[in-house]
Amino acid sequence: MIVAKKKINSPADPLPVLFKHTSFFEDVWEVVKQIPKGKVTSYGAIAKYLGAKSSARMVGWAMNAVNNSNIKDIPAHRVVNRNGMLSGKAHFSPPEKMEKLLKKEKIKVKDDCIENFQAVFWDPSEDLGL
DNA sequence: CCTTTGACTCACT
DNA sequence: CAGTGAGCCAAAG
C-alpha cells in the first residue's frame with residue numbers, strides 16, 4: 001500500500017498533490033498492473049472489482065494521476081471505456097502512444113477502437129477472484 | 001467554500 | 001436505436 005504524498009517511484013517525480021490518504025489510486029493501479037499482456041479492461045470493470053464504491057470516473061482520474069506523475073509501471077493503455085474505445089488516448093504523451101502500445105501487444109486497434117475488444121477483454125473480477 | 005468538470009456508465013425517453 | 005440526464009467522487013477553479 002502506497003501512502004499519500006510520498007514518493008511513488010522516482011526521487012525526482014513532480015508528483016503533485018494527488019493522494020492524501022485515499023488508497024483508491026493504489027487499488028486502481030494494482031488492478032491495472034495485473035492486466036495480462038495483450039489484454040485490456042474497462043474503467044467500469046476496475047471500479048466494479050473495487051466494489052463499485054467509486055464510479056469509473058475515479059479510475060480515469062487515477063490514470064490521469066499516472067500521467068501526471070512519473071509513474072510508468074501502470075499500463076494505462078490497457079484501460080479503455082466499456083466500448084473498447086481509446087477514450088484516454090488524448091491524455092498520453094503522444095496520443096498515438098496508447099494505440100501504438102496496444103498494437104505492440106497484438107491488440108487490434110482501428111479508428112481508436114479495439115476491434116476484438118470482447119476477445120481481449122480481461123475482467124479483474126474474474127482473474128483476481130470475486 | 002461552492003461550482004464546475006472529467007480518461008465513465010447506466011437508465012430512461 | 002440514438003440522444004439526454006443523472007449518479008458517481010475527487011480535484012481544480
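Chain naming here is simple, since letters A, B, ... match the order of the sequence lines and numbering starts at 1 in each. The structure presented is a predicted model; accordingly, all values stated were derived computationally and were not measured.
In terms of the side chain to side chain donor-acceptor pair (under 3.5 Å) criterion, residue partners of A/K103 (sequence neighbours excluded) are, by chain and number, A/E99.
The residue among A/W61 and A/S42 whose nearest nucleotide of DNA chain B lies closer to the 5′ end is A/W61.
Side chains of A/Y43 and A/K48 form no contact here, defined as non-hydrogen atoms less than 4.5 Å apart. Contact annotation: the side chain of A/V79 approaches that of A/I35 to within less than 4.5 Å [non-hydrogen atoms, C-beta and beyond].
The CD1-C1' distance, from A/I74 to B/dA7, rounds to 15 Å in whole Å. Distance A/F25 CZ to B/dA7 P: 14 Å, rounded to the nearest Å. At whole-Å resolution of the value, CG in A/N67 and P in B/dG6 are 16 Å apart. Protein atom OH of A/Y43 is 14 Å distant from nucleotide atom P of B/dC10, rounded to whole Å. Note: NZ (A/K48) to C1' (B/dT9) measures 11 Å, nearest angstrom.
Here the shortest heavy-atom pairing between A/F25 and A/W61 reads CE2-O, 3.8 Å.
If you check every strand for non-hydrogen atoms under 4.0 Å, A/N64 touches a base.
Membership of the apolar cluster around A/I107 extends to A/V40, A/V80, A/L86, A/F92, A/M98, A/L102, A/V109, A/I114, A/F117, A/V120, A/F121, as traced through chained side-chain contacts below 4.5 Å between ILVMFWY residues.
Under the 3.5 Å distance criterion, the side-chain polar atoms of A/Q34 are matched with a main-chain donor or acceptor of A/E30. Side chain of A/D111 to backbone of A/C113: no donor-acceptor contact under 3.5 angstrom is found.
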Anything under 3.5 Å between a protein N or O and an N or O of nucleotides 2-8 of chain C, put it in a table, one pair a line.
| from | atom 1 | to | atom 2 | distance (Å) |
| --- | --- | --- | --- | --- |
| C/dG7 | O6 | A/R57 | NH1 | 3.0 |
| C/dG7 | O6 | A/R57 | NH2 | 3.1 |

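A distance of about 16 Å separates the P atoms of C/dG5 and B/dT4, rounded to the whole Å.
Contacts with DNA chain B (heavy atom under 4.0 Å) in residues 91-100 of chain A: A/H91, A/F92, listed by number.
Applying the side-chain hydrogen bond (donor to acceptor under 3.5 Å, both in side chains) definition to pairs two or more places apart or across chains, those involving residues 75-96 of chain A are A/H77-A/E105, A/R78-A/E105, A/K89-A/D112.
Under the 4.5 Å side-chain heavy-atom criterion for grouping Ile, Leu, Val, Met, Phe, Trp and Tyr, A/L50 is connected to A/W122 within one hydrophobic cluster.
Counting only heavy atoms from C-beta on, A/M58 has its side chain closest to C/dC9 among C/dC9, C/dA11, B/dA7.
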